[in-house]
Amino acid sequence: MPTRRPYPSDLSDARRELIEPVLSAWRFERRGRALDFGRPPEHDLRDIMDAILYVDRTGVQWRHLPHDFPHWNTVYGYFAKWQQEGVFSQLDGLLGQLLRQKEGRDAEPSACVIDAQSVKTSTGVHASGQGIDAGKKIVGRKRSIVVDTLGLLLAVPVTAAEHPGIRKVWVDGGYRQHLVEHAATLGIDMEITARTPGTRGFTPKPKRWAVERTCGWLMLHRRLARDYETLPTRSEAMIHLAVTDLVARRLTGENTISWRYPTSQIK
């Protein structure tokens, strides 16, 4: 296959080195269970990941992948397998731990921040998989994300068992009726942050700005501007993939280019 021209969403060599061990381990384990163990792999996993990142970053439909990538059906097949077998969440968690250690933090966080986004869904999402946010007048899905104080994704949606070391949580008033008692039973101190009375315009809320910033980072990936995925689990995988891309760039010192300002550089 001739060498193709790279796309801005492609993995750099430095970022490939970060994720390659996880993908290679996945392939080795999977081939060990197959009958054709001796057959050489048909597809380069870097090409597959580049194609998936292209979809996540640009928002194109799978069938509209450029022809210099592997066939779209093959790419989607890998995406589905990696989602089902937890590869995206594994990558996200591993890179998050590396970045926390690079920042001088413990690998496992002790505090987190929670927020939710209401996102419109596409016509491919069945009505039974949608809801209505009456306050924002949005018919779609609600993404709940949990991040640490660096803005690194811990869970999507909220699950109490994934990070047992959490002892402090910051949330907004929308969680007052749903999580306070549950947090207390888990021994977690939940603090509700609110705007200072009389404040006008945009003012970052203490502690919660970290999760709001992460929500903004996610919007750099056009696939997340609207929920196009038929299954909620696929939506979660797209979020993990976006965060993996962002965290890998932070680890390697590379910049993420904003769609609004294509010549600007955003850490």
Side-chain angles (χ1 to χ4, degrees), residues 1-31 34 36 39-95 119 121-122 124-125 153 156 217-252 254-259 262:
M1 180 177 178
T3 303
R4 63 174 175 82
R5 294 178 61 185
Y7 294 99
S9 56
D10 283 357
L11 290 168
S12 65
D13 290 341
R15 282 183 283 132
R16 181 196 64 80
E17 290 180 3
L18 286 174
I19 72 172
E20 190 272 337
V22 174
L23 299 184
S24 294
W26 173 85
R27 168 164 275 174
F28 181 82
E29 191 275 335
R30 187 174 183 84
R31 292 183 65 211
D36 59 347
R39 182 184 301 176
E42 182 178 354
H43 299 286
D44 188 320
L45 295 184
R46 180 174 184 172
D47 287 340
I48 297 293
M49 180 59 82
D50 282 342
I52 296 173
L53 285 170
Y54 185 92
V55 171
D56 196 43
R57 189 79 165 101
T58 65
V60 301
Q61 296 177 342
W62 292 102
R63 292 175 183 268
H64 291 185
L65 267 173
H67 295 304
D68 49 3
F69 282 124
H71 192 274
W72 73 267
N73 206 20
T74 298
V75 175
Y76 181 77
Y78 274 90
F79 171 75
K81 291 172 186 175
W82 288 348
Q83 177 268 308
Q84 292 167 357
E85 298 181 21
V87 172
F88 295 119
S89 57
Q90 182 183 354
L91 280 171
D92 188 7
L94 174 63
L95 297 186
V119 186
T121 45
S122 71
V125 178
L153 190 68
V156 51
W217 285 340
L218 294 178
M219 290 301 100
L220 292 172
H221 295 75
R222 286 186 172 182
R223 188 77 179 190
L224 302 180
R226 181 185 289 261
D227 197 332
Y228 295 98
E229 316 309 322
T230 303
L231 301 176
T233 50
R234 300 286 196 266
S235 298
E236 294 171 13
M238 282 295 180
I239 294 173
H240 281 296
L241 180 64
V243 173
T244 295
D245 183 35
L246 292 165
V247 175
R249 289 176 182 273
R250 290 177 67 179
L251 280 167
T252 59
E254 300 173 51
N255 296 314
T256 300
I257 305 301
S258 167
W259 292 111

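When reading the values below, keep in mind they use all heavy atoms of this one structure, side chains included, and skip hydrogens, waters and symmetry mates. The structure displayed is predicted, hence computed values, not measured ones.
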Worksheet entry | Gap separating the NE2 atom of H240 from the CG atom of L153, nearest 0.5 angstrom | 5.5 Å

Practice prompt. Of all the heavy-atom pairs spanning S235 and D227, show the shortest one and how long it is.
Written response: OG-OD1, 2.7 Å

Discussion item. Contact between D50 and R4 at the side-chain level, heavy atoms closer than 4.5 Å - yes or no?
Written reply: yes

Discussion item. Tell me the closest heavy-atom pair linking A80 and R234, and the distance in Å.
Written reply: CB-NH2, 3.5 Å

Worksheet item: Which heavy atom in S12 sits nearest to a heavy atom in E254, and how many Å separate them?
Response: OG-OE2, 2.6 Å

Practice prompt. Step by step, work out the side chain to side chain contact (heavy atoms under 4.5 Å, CB included) result for R222 and Y228.
Written response: CA-CA 10 Å; R222 286 186 172 182; Y228 295 98; over 6 Å; no

Practice prompt. Applying side chain to side chain contact (heavy atoms under 4.5 Å, CB included), run through V247 and W217 and close with a yes or a no.
Written response: CA-CA 11 Å; V247 175; W217 285 340; over 6 Å; no

Item to complete: Determine the sole option in Y78, W62, Y54 for which the ring-ring contact (aromatic ring centres under 6.0 Å, His included) test with F69 is passed.
Response: Y54

Worksheet item: Roughly how far, to the nearest 0.5 Å, is the CD atom of Q84 from the CZ atom of F79?
Response: 10.0 Å

Item to complete: To the nearest 0.5 angstrom, please state how far the CG atom of L94 sits from the CG atom of L18.
Response: 8.5 Å

Worksheet item: Would you say the side chain of R5 lies within less than 4.5 Å of the side chain of D68, judging by non-hydrogen atoms?
Response: no

Discussion item. Looking at D10 and R46, is there a salt bridge between them, counting it only when a charged N and a carboxylate O are closer than 4.0 Å?
Written reply: no

Item to complete: Any chance you could measure T252, atom OG1, to L11, atom CG, to the nearest 0.5 Å?
Response: 10.0 Å

Worksheet entry | Heavy-atom side-chain contact between Q83 and L241 under 4.5 Å | no

Worksheet item: Any side-chain heavy atom of L246 sitting closer than 4.5 Å to one from H221?
Response: yes

Practice prompt. Could you tell me whether the side chain of R223 and the main chain of V60 form a donor-acceptor pair under 3.5 Å?
Written response: yes

Response to the item:
Closest heavy-atom pair, I48 versus P70, reported as atoms and distance to 0.1 Å, is CD1-CG, 3.9 Å

Worksheet entry | Test side chain to side chain contact (heavy atoms under 4.5 Å, CB included) applied to H71 and L65, step by step | CA-CA 8 Å; H71 192 274; L65 267 173; over 6 Å; no

Item to complete: Hey, could you give me the CH2/CG distance between W26 and L45, rounded to the nearest 0.5 Å?
Response: 6.5 Å

Practice prompt. Determine whether H64 and T58 make a side-chain contact, defined as any pair of heavy atoms from C-beta on separated by less than 4.5 Å.
Written response: no

Worksheet item: Hey, which of L95, V87, T244 is the one that makes side chain to side chain contact (heavy atoms under 4.5 Å, CB included) with V22?
Response: V87

Practice prompt. Before giving the answer on side chain to side chain contact (heavy atoms under 4.5 Å, CB included), spell out for I52 and W82 the whole-Å C-alpha distance, their side-chain angles and the decisive distance to 0.1 Å.
Written response: CA-CA 11 Å; I52 296 173; W82 288 348; 3.7 Å; yes

Fill in: Within-4.5 Å side-chain heavy-atom neighbours: R15 and E20
no

Worksheet item: Any side-chain heavy atom of Q61 within less than 4.5 Å of one from W72?
Response: no

Discussion item. So, taking the atom named CG in L231 and the one named CD in E236, what distance separates them when rounded to the nearest 0.5 Å?
Written reply: 10.5 Å

Worksheet item: Should D245 and D56 count as side-chain neighbours, where that means a heavy-atom distance under 4.5 Å?
Response: no

